[in-house]
Number of protein chains: 2
Amino acid sequence: MTTLISTEGVPLYVKIREVLRTEIINGNLKRGQKIPSEDELAARYGVSRMTVRQGILDLIDEGLLYRRQGLGTFVAFPHIERDHTRLTNFFESARQKGIQVAQKILDVQVVPARRKIAEALDIPVGEAVIHICALRYANYVAVTLHDSYIPEKLFTPILSENLEDTSLWDLMEKYGYRVKRAIQKLEAREAGPEIARLIGIDPAAPILYKERKIYAEDGTPVEFTFCYNRGDLYSLTVAMER
Amino acid sequence: MTTLISTEGVPLYVKIREVLRTEIINGNLKRGQKIPSEDELAARYGVSRMTVRQGILDLIDEGLLYRRQGLGTFVAFPHIERDHTRLTNFFESARQKGIQVAQKILDVQVVPARRKIAEALDIPVGEAVIHICALRYANYVAVTLHDSYIPEKLFTPILSENLEDTSLWDLMEKYGYRVKRAIQKLEAREAGPEIARLIGIDPAAPILYKERKIYAEDGTPVEFTFCYNRGDLYSLTVAMER
DNA sequence: ATTATATAGATGTCTATACGTCTAGATATC
DNA sequence: GATATCTAGACGTATAGACATCTATATAAT
């Protein structure tokens with residue numbers, strides 16, 4: 001029985017998960033190789049089988065391992081970065097990549113929700129929504145125009161916040177709604193005269209058009225956004241599973 | 001204690017999960033409402049707490065419930081269709097929507113992998129790959145041009161199959177590789193003369209360009225595809241989580 | 001009034017055990 | 001040789017209980 005890293009406050013199943021992850025990343029457990037059985041790992045680390053199991057299932061969820069009943073658990077090719085599945089915030093993700101980001105708020109006002117917005121946010125047509133129109137820059141070049149709508153009822157105080165420098169999602173969390181999920185519809189379109197003028201491109205230039213509906217942890221729709229992304233400067237990577 | 005549906009062969013945790021799901025869909029458990037505690041459900045259905053827990057965690061994974069330690073488990077707004085996260089096969093998904101689908105194979109041949117393909121499929125540059133070029137139709141209109149590459153070594157016998165009428169993924173499964181995950185990079189582009197001619201659109205028309213890398217269950221890259229989708233007829237919906 | 005402290009209720013972690021089910025391979029039978 | 005059956009190993013499901021941790025609320029101390 002090997003001893004686990006003696007870190008207090010860290011659950012055993014997390015320790016075991018991380019030990020396995022390390023073995024995989026280091027290459028001690030190679031791609032396609034069978035890892036020790038649940039029973040064996042339990043004995044090795046002196047924990048119960050269910051504890052080992054919990055750690056393993058986490059890694060399976062991440063795509064690092066896979067298993068077949070009756071056969072065993074095997075190392076998958078550790079290629080899929082979980083990040084690509086993840087919903088990330090514009091500021092965080094761009095800064096991580098070392099890109100200089102900024103945004104200019106073009107307009108903030110309370111307006112009545114038109115039908116499409118109301119349906120998306122699950123509120124009555126005509127109810128007040130906060131409309132935030134922002135131009136986002138990467139390395140000082142305008143890349144994306146954002147047309148966001150959020151329910152006024154839930155976020156009234158947000159109007160007095162500094163929207164230009166603070167992440168909208170952080171503000172939402174401050175007011176009790178933790179952003180959790182998004183559904184995005186993607187299309188390729190021509191920019192058209194209006195978007196072209198705002199972003200500063202040719203009206204016939206291709207745009208990655210995105211309709212984004214964002215939900216809080218409890219399923220409340222908290223944001224509906226139209227995004228117009230410069231086709232030549234913006235790409236989106238997503239992961240999907242069967 | 002309520003009795004569960006007496007279905008043999010169905011695990012208890014699945015039954016409990018489905019009972020809860022039904023209650024949520026029926027509206028007996030309403031949005032935002034606290035569901036009974038794990039202990040109470042265990043008592044009610046005469047099973048152990050861990051069994052209830054397993055069912056609940058499944059529903060949390062699906063986004064139907066959420067929970068906070070110390071507080072309880074609550075019903076989320078059941079809006080997010082799991083399907084949008086799912087990687088689906090062209091034939092399956094289109095037919096479900098009642099769209100008439102077909103494809104025409106323009107070219108099938110074994111070629112040496114150029115650098116980009118080789119890197120994606122994790123094989124040496126120059127190794128044999130099967131190139132499949134297909135035009136896909138929805139309701140008899142050409143919508144998408146597919147440029148797929150699959151490792152020849154893994155799928156040699158596929159060359160003698162009927163590629164036009166059979167799903168490539170089904171064939172792959174037949175040869176031992178179950179398609180599981182994909183990473184897709186999306187961009188908006190101009191069609192350009194070649195794609196425009198093949199699909200039959202204007203060379204300046206916007207195209208949703210997609211680079212798709214597909215992995216089998218064990219992490220093996222099994223397909224790398226360039227997709228050119230007509231901007232005006234194709235949209236893609238994806239779900240993401242934080 | 002404000003601040004600590006205790007407590008009840010809920011989820012989070014963990015154990016030790018049992019039996020079910022699936023898979024591959026060995027063995028036996030025809 | 002082909003087919004059927006057995007078996008060991010591994011994951012799948014399930015139990016009953018224990019203690020930890022977190023949250024909100026009630027109570028006590030200041």
Side-chain angles (χ1 to χ4, degrees), chain A residues 1-20 29 32-61 64-76 173 176 178 180 217-218, chain B residues 1-20 29 32-61 63-76 173 176 178 217-218:
Chain A
M1 157 183 164
T2 318
T3 354
L4 292 172
I5 324 108
S6 71
T7 323
E8 32 177 271
V10 178
L12 285 173
Y13 77 90
V14 172
K15 289 185 195 168
I16 288 173
R17 185 182 72 202
E18 296 312 315
V19 167
L20 287 173
L29 291 170
Q33 187 180 331
K34 188 159 160 317
I35 73 167
S37 72
E38 294 178 351
D39 276 325
E40 195 185 325
L41 287 170
R44 181 183 303 179
Y45 295 114
V47 301
S48 90
R49 186 184 147 208
M50 292 307 262
T51 302
V52 170
R53 192 175 164 79
Q54 198 173 348
I56 289 179
L57 291 180
D58 275 359
L59 294 177
I60 287 171
D61 245 26
L64 230 55
L65 296 175
Y66 68 101
R67 59 181 12 195
R68 295 251 180 90
Q69 186 177 355
L71 270 179
T73 305
F74 306 84
V75 180
E173 188 157 349
R178 191 176 137 61
K180 183 66 182 169
E217 191 181 39
D218 69 350
Chain B
M1 156 184 163
T2 317
T3 355
L4 292 173
I5 324 109
S6 71
T7 323
E8 32 176 271
V10 179
L12 285 174
Y13 78 91
V14 172
K15 289 187 196 168
I16 288 173
R17 185 183 73 202
E18 295 313 315
V19 167
L20 288 173
L29 291 170
Q33 189 181 328
K34 188 162 162 311
I35 73 168
S37 71
E38 293 179 351
D39 276 327
E40 196 185 324
L41 287 171
R44 180 182 302 179
Y45 296 112
V47 301
S48 89
R49 187 185 147 209
M50 290 307 263
T51 302
V52 170
R53 193 175 165 78
Q54 198 173 346
I56 290 178
L57 291 180
D58 275 358
L59 293 177
I60 286 170
D61 244 26
L64 231 54
L65 296 174
Y66 68 101
R67 56 181 16 196
R68 294 254 179 88
Q69 186 176 356
L71 270 179
T73 305
F74 305 86
V75 179
E173 188 157 350
R178 193 177 136 60
E217 193 181 38
D218 69 348

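To find a chain, count down the sequence lines: A is the first, B the second, and so on, and within it residues start at 1. These figures come from a predicted structure and were not determined experimentally.
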Next on the checklist: Just to verify, what does A/Y66 make a ring-ring contact (aromatic ring centres under 6.0 Å, His included) with, not counting sequence neighbours?
Outcome noted: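 Per chain and number, A/Y66 pairs via ring-ring contact (aromatic ring centres under 6.0 Å, His included) with A/F74.
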Donor-acceptor list for residues 51-59 of chain B side chains, cut-off 3.5 Å, not counting sequence neighbours:
residue	atom	partner	partner atom	Å
B/T51	OG1	B/S48	OG	3.4
B/R53	NH1	B/E38	OE2	3.0
B/D58	OD2	B/R17	NH1	2.6

Checklist outcome for this item: Readout for nucleotides 21-26 of chain D: B = base within 4.0 Å of protein heavy atom, S = sugar-phosphate only, - = neither; 5' to 3' it is BBBS--
Nucleotide [N], atom [atom2] - distance to [atom1] of [X] in whole Å:
{"X": "A/R49", "N": "D/dG12", "atom1": "CZ", "atom2": "P", "value": "8 Å"}
{"X": "B/D39", "N": "D/dA18", "atom1": "CG", "atom2": "P", "value": "13 Å"}
{"X": "A/Q54", "N": "D/dG12", "atom1": "CD", "atom2": "P", "value": "14 Å"}
{"X": "A/R67", "N": "D/dT13", "atom1": "CZ", "atom2": "P", "value": "10 Å"}

Next on the checklist: Below 4.0 Å from chain B heavy atoms, what is the first contacting nucleotide of DNA chain C and what is the last?
Outcome noted: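 It runs C/dG9 to C/dC14.
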Checklist entry - Quick one: is A/R53 getting a side-chain N or O under 4.0 Å of the D/dG12 phosphate, OP1 or OP2? => result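 For D/dG12, OP1/OP2 do have a side-chain N/O of A/R53 under 4.0 Å.
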Next on the checklist: Quick check on D/dG17: is either OP1 or OP2 less than 4.0 Å from any side-chain nitrogen or oxygen of B/S48?
Outcome noted: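 So the side-chain polar atoms of B/S48 never come under 4.0 Å of the phosphate oxygens OP1 or OP2 of D/dG17.
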Item to check | Residues which pass side-chain contact (heavy atoms from CB on, under 4.5 Å) with A/Q69, listed by chain and number, not counting sequence neighbours | outcome: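 Scan of A/Q69 (side-chain contact (heavy atoms from CB on, under 4.5 Å), adjacent residues dropped) gives none.
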Next on the checklist: Over the length of the helix from C/dA1-D/dT30 to C/dC30-D/dG1, how much do the five-pair end axes diverge, rounded to 10 degrees?
Outcome noted: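 Comparing the first five pairs with the last five, the axes sit 0° apart.
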